[in-house]
Each structure stands twice: as C-alpha cells, then as structure tokens.
Amino acid sequence: MNLTNSIRGTLSESDGVFTLKNENTTLGFVRFNNKGEIEYIFVNPLFRNKKLAIRLLKLVKEKTKKKIVFQKPISPLGLKLLKSIEKWN
C-alpha cells in the first residue's frame, strides 16, 4: 500500500486499531471505538509531517461513518492535528 507519495507500508486492522508498518518498524497506529472516538493516535517521530495521521483518521472515518472526535485529554499535538482535519471531518 502506498500511504503517501514516498512511504510504502502495510495496513492491518484488529479490534478497533489500524496499524501502519513497513518492513522495519511501526509507522503509526490509531485506536478508536464504534462512535468514531479516537482513543489514541501515534505516528513514529521519524515519519511525522508526512500526513500519516490524517490517513489513519480518514480510515477511521470511512470505517465508522462518524465524525472524528478525540477523547480527552488532548495533547498539544492532538489539538494541532484536530485543527488540521476540520476541513474534511
């Protein structure tokens, strides 16, 4: 799966978690519930600023067919991410 223009990896889903991996490491993952609430999202620091978090959140939105909502507490990075998805969420 081509995740962005320059990153290739595999996607797996299990029990409310989408995980992106390449052959060497986990690129990122998101844990969510059926209400579309994001319980936790992580992107490996080496792969940040490549829109992987947005890709993960879009997968959740497609799966749940719900508006993305972050559970509290929300970190400063989480707030920044939430602001960046306002256009399509």
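Residue numbers start at 1 and run along the sequence shown.
- A 4.5 Å side-chain heavy-atom check between Arg55 and Lys50 finds every atom pair outside the cut-off.
- Side chains of Leu81 and Ile74 form no contact here, defined as non-hydrogen atoms less than 4.5 Å apart.
- Residue pairs meeting the ring pair (Phe, Tyr, Trp, His ring centres under 6.0 Å) criterion with at least one member in residues 46-67, sequence neighbours excluded, do not occur.
- For Lys66, the NZ atom counts as loosely surrounded, since its 6.0 Å shell holds 12 or fewer non-hydrogen atoms of other residues, nucleotides or ligands.
- Pairing each heavy atom of Ser84 with each of Ile54, the nearest pair is OG-CD1, 4.2 Å.
- Between Lys21 and Phe29, every side-chain heavy-atom pair lies at or beyond the 4.5 Å cut-off.
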Donor-acceptor pairs are to be reported for all side-chain atoms of residues 32-39 against protein atoms at under 3.5 Å, with residues two or more places apart or in another chain.
from  : atom 1 : to    : atom 2 : distance (Å)
Asn33 : OD1    : Lys35 : N      : 2.9
Asn33 : OD1    : Gly36 : N      : 3.4
Asn33 : OD1    : Glu37 : N      : 3.1
Asn33 : ND2    : Glu37 : OE1    : 2.6
Glu37 : OE1    : Gln71 : NE2    : 3.1
Glu39 : OE1    : Arg31 : NE     : 3.1

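- Side-chain atoms of Pro76 and Leu79, non-hydrogen and from C-beta on, never get closer than 4.5 Å to each other.
- For Thr25 against Asn22, the heavy-atom pair with the smallest separation is N-OD1, 2.8 Å.
- Residues Thr26 and Asn44 come closest through the heavy atom pair O-ND2, 3.3 Å.
- Leu46 CG to Asn49 CG: the interatomic distance, rounded to the nearest 0.5 Å, is 11.5 Å.
- With Leu20 as the fixed residue, the side chain to side chain contact (heavy atoms under 4.5 Å, CB included) test singles out one of Thr10, Leu11, Val30: Leu11.
- Counting heavy atoms from C-beta on, the side chains of Lys58 and Ile85 never come closer than 4.5 Å.
- Clustering ILVMFWY residues whenever any of their side-chain heavy atoms sit less than 4.5 angstrom apart, transitively, puts Phe42 in a cluster other than the one holding Leu57.
- Counting heavy atoms of neighbouring residues, nucleotides and ligands inside a 6.0 Å radius, atom CD of Glu23 does not exceed 12 of them.
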Just do the side chain to side chain contact (heavy atoms under 4.5 Å, CB included) check on Phe18 and Ile41 with the steps written out, would you?
-> CA-CA 10 Å; Phe18 283 117; Ile41 186 165; over 6 Å; no
